[in-house]
Amino acid sequence: MSEKIYNMVDLETIEKLADIVAAKELGEITIADGEKYITVKGKKCPMPMPLAGAPVAASPAVSAAAPAAPAETPAVSQKPAGKSIKAPLVGTFYAAPSPDQPPFVQVGDTVKKGDVVLIIESMKLMNEVTSDVDGVVQEILVKNGDAVEYDQPLMILS
């Protein structure tokens with residue numbers, strides 16, 4: 001049984017939040033339950049640090065190692081043309097902002113760096129994922145509603 005911090009969040013959840021903050025280079029992430037909330041703050045620094053995410057003050061230091069490279073990495077590198085957009089966290093893939101709206105992008109669409117291309121729902125939070133490059137959508141590798149893993153390729157841009 002995992003230890004809870006103030007009967008709200010277990011240490012494993014805090015570590016996962018710290019990993020998300022580090023992977024996405026966020027300033028902070030906050031989750032709330034009624035009047036209770038917890039904020040995990042990250043550090044933006046010019047040099048890489050062993051632990052980019054800083055846990056909340058009430059928790060012990062996070063000592064989780066960075067996730068290992070996923071098995072899909074070699075398969076993506078075999079596609080000579082294109083840049084993949086990968087899942088920044090574990091969750092559920094959604095192509096559109098809501099079921100009654102069109103998808104953010106479709107195959108053949110041109111996207112600019114910073115454009116929202118999909119949503120990943122994780123822990124009941126909708127996380128917009130943006131393109132980190134300009135390009136044209138060549139392939140969408142997952143279907144709407146699919147579960148996705150951290151660092152899983154989701155889209156190929158050229």
Side-chain angles (χ1 to χ4, degrees), residues 9 12-32 37-56 61-158:
V9 180
E12 183 178 326
T13 301
I14 293 171
E15 288 176 345
K16 287 179 184 178
L17 289 171
D19 290 342
I20 292 167
V21 170
K24 295 287 289 173
E25 297 179 353
L26 301 173
E28 66 182 48
I29 188 169
T30 300
I31 59 171
Y37 67 92
I38 189 165
T39 300
V40 177
K41 294 185 178 188
K43 290 185 179 181
K44 290 202 173 209
C45 58
M47 296 177 14
M49 307 251 325
L51 292 174
V56 294
V62 175
S63 60
E72 297 90 45
T73 302
V76 171
S77 64
Q78 291 174 2
K79 293 191 177 199
K83 164 77 174 148
S84 67
I85 295 178
K86 297 181 180 182
L89 64 153
V90 174
T92 304
F93 168 86
Y94 292 110
S98 68
D100 60 339
Q101 293 186 332
F104 290 106
V105 295
Q106 296 178 352
V107 173
D109 287 353
T110 300
V111 297
K112 299 281 185 202
K113 182 177 181 177
D115 286 352
V116 175
V117 293
L118 59 102
I119 289 176
I120 295 180
E121 178 186 7
S122 181
M123 297 173 48
K124 298 186 181 187
L125 294 174
M126 298 297 184
N127 301 279
E128 291 182 340
V129 177
T130 59
S131 176
D132 56 350
V133 295
D134 294 345
V136 176
V137 178
Q138 295 299 309
E139 188 176 359
I140 299 174
L141 305 171
V142 291
K143 294 179 186 163
N144 202 45
D146 281 356
V148 296
E149 296 292 326
Y150 172 78
D151 213 29
Q152 176 183 345
L154 305 174
M155 241 178 242
I156 305 293
L157 302 180
S158 64

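For reference, positions follow the sequence shown, starting with 1.
- Residues meeting the side-chain hydrogen bond (donor to acceptor under 3.5 Å, both in side chains) test with E128, sequence neighbours left out: none.
- Residue M155 comes nearest to L118 through the heavy atom pair CE-CD2, 3.7 Å, listed as atom of the first residue, atom of the second, then distance.
- Residues satisfying the side chain to side chain contact (heavy atoms under 4.5 Å, CB included) criterion with V148, sequence neighbours excluded, are A87, F93, I120, V142, Q152, L154.
- Evaluation of the side chain to side chain donor-acceptor pair (under 3.5 Å) test over residues 108-125, restricted to residues two or more places apart or in two chains, returns Y94-E121.
- Put simply, the residue from V129, V105, T130 that forms a side chain to side chain contact (heavy atoms under 4.5 Å, CB included) with I85 is V129.
- Here side chain to side chain donor-acceptor pair (under 3.5 Å) pairs that include residues 95-104, with residues two or more places apart or in two chains, are S98-D100.
- Although no hydrogens or angles enter the test, the distance criterion places no donor-acceptor pair under 3.5 Å between the side chain of D151 and the main chain of E149.
- Taken from OH in Y150 to CD1 in I20, the straight-line distance is 9.5 Å, to the nearest 0.5 Å.
- Between S84 and P153, the closest heavy-atom pair is CB-CB, 4.3 Å.
- For the salt bridge (charged side-chain N to carboxylate O under 4.0 Å, His left out) test, residues two or more places apart in sequence or in another chain that qualify with D132 are K83.
- Of the possible donor and acceptor atoms, one in the side chain of S131 sits under 3.5 Å from a partner among the backbone N and O of V133.
- Contact detail for P103 and A96: the closest heavy-atom pair is CA-CB, 3.8 Å.
- Of the residues L141, V136, V137, the one that meets the side chain to side chain contact (heavy atoms under 4.5 Å, CB included) test with I156 is L141.
- Closest heavy-atom contact between A23 and P88: CB-O, 4.4 Å.
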